[in-house]
Chemist: 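Submitted below is the structure of interest, expressed as structure tokens.
Read the numbers this way: they start at 1 and go in the same order the structure lists the ligands and their atoms. Side chains included, hydrogens not; waters and symmetry mates left out as well; all remaining heavy atoms used.
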Amino acid sequence: MEWEYLVEKAIKAKENAYVPYSEFRVGAAVLTDSGKVFVGCNVENASYGAAICAERTAVVKAVSEGDTKIKAIAITSDSQDYTFPCGICRQVIAEFCDEETQVICSNKNGKYVRYYVKDILPHAFTKKDLL
Ligand code: THU
């Protein structure tokens with residue numbers, strides 16, 4: 001799988017962003033170990049706190065379809081800058097990642113940088129930390 005392909009999926013997913021409040025469109029695409037791609041966008045709400053980010057939309061779609069191992073996730077927005085996942089989304093990605101999982105942060109033109117999850121969420125709190 002080409003990373004560019006996943007970024008293109010995220011750019012396409014951004015078209016469905018429901019953002020009447022922030023007008024900041026975000027798209028995400030998750031590649032799982034089965035080879036499937038699950039896409040998502042941000043979905044806002046009049047009760048602002050009920051908004052869900054694009055990354056979590058995509059991850060929850062994958063997990064709810066039985067795919068719990070993320071190989072890569074691409075994120076994009078309409079910004080010239082790379083879009084990085086917010087803190088909550090980093091935590092959710094960490095739940096379903098391994099050491100190899102790639103986080104692909106893209107700008108609006110599809111230019112991207114790639115990170116391992118541990119580099120954008122060091123000392124993550126995970127299952128192993130629970131008593
Ligand atoms: N947003 C995402 O979808 N992903 C992120 O990682 C950062 C923020 C959304 C939430 C909200 O709809 C809008 O961007 C502005 O914060």
Chemist: Between OG1 of Thr126 and CD of Glu95, what distance do you get to the nearest 0.5 Å?
Modeler: 8.0 Å
Chemist: Ile52 versus ligand 1: do any nitrogen or oxygen atoms come within less than 3.5 Å of each other?
Modeler: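 No, since none of the N or O atoms of Ile52 sits under 3.5 Å from an N or O of ligand 1.
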Chemist: Flag the pair Arg25 / Thr76 as yes when at least one side-chain heavy-atom distance between them is below 4.5 Å, and no otherwise.
Modeler: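 Side-chain contact under 4.5 Å: no.
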Chemist: With a heavy-atom distance limit of 4.0 Å, tell me whether Cys89 approaches ligand 1 through its side chain, its backbone, both, or neither.
Modeler: neither
Chemist: Which heavy atom of the protein is the closest neighbour of atom 11 (C) of ligand 1, given with residue, atom name and distance?
Modeler: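 The answer is Glu44 OE2, 3.3 Å.
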Chemist: Atom 3 (O) of ligand 1: which protein heavy atom is closest, and how many Å away?
Modeler: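 The protein heavy atom lying closest is Ala54 N, 3.0 Å.
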Chemist: Can you check whether Tyr116 reaches Gln102 side chain to side chain, under 4.5 Å on heavy atoms?
Modeler: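 Yes, side chains in contact.
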Chemist: Provide the number and element of each atom of ligand 1 under 4.0 Å from a heavy atom of Cys86.
Modeler: 5 (C), 6 (O)
Chemist: So if I count the atoms of ligand 1 from 1 in the order they appear, which ones are less than 4.0 Å from some heavy atom of Pro85?
Modeler: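 Counting from 1, the qualifying ligand atoms are 6 (O).
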Chemist: Consider ligand 1: state whether an atom of it lies below 4.0 angstrom from any non-hydrogen atom of Phe84.
Modeler: yes
Chemist: With atoms numbered from 1 as shown, which atoms in ligand 1 lie under 4.0 angstrom from a non-hydrogen atom of Glu55?
Modeler: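 Checking each atom against Glu55, I get 2 (C), 3 (O), 4 (N), 5 (C), 6 (O).
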Chemist: Please tell me if atom 16 (O) of ligand 1 is touched by the protein, where touching means a protein heavy-atom distance below 4.0 Å.
Modeler: no
Chemist: As a check for students: among Asn42, Ile88, Asn45, identify the option with a heavy atom nearest to atom 9 (C) of ligand 1.
Modeler: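 That would be Asn42.
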Chemist: Between Asp98 and Lys69, does at least one N-O distance fall below 4.0 Å, as a salt bridge requires?
Modeler: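 The answer is no: the pair does not qualify as a salt bridge.
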Chemist: For atom 1 (N) of ligand 1, what is the nearest protein heavy atom, given as residue, atom name and distance?
Modeler: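 I find the closest protein heavy atom is Cys53 SG, 3.7 Å.
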Chemist: Tell me if the NZ atom of Lys127 is crowded by more than 12 foreign heavy atoms within 6.0 Å.
Modeler: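 Incorrect, the count does not exceed 12.
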Chemist: With a 4.5 Å heavy-atom cut-off, do Phe38 and Val59 have their side chains touching?
Modeler: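 Heavy-atom side-chain distance check fails, nothing below 4.5 Å.
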Chemist: List ligand 1 atoms under 4.0 Å from Ser22, heavy atoms only on the residue side.
Modeler: 13 (C), 15 (C)
Chemist: Just by distance, with hydrogens left out, do Ser34 and Thr32 show a side-chain donor and acceptor under 3.5 Å apart?
Modeler: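 Looking only at side-chain atoms, Thr32 and Ser34 do form a donor-acceptor pair, the distance falling under 3.5 Å.
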Chemist: So, do Asp81 and Asn107 sit near enough that their side-chain heavy atoms are less than 4.5 Å apart?
Modeler: no
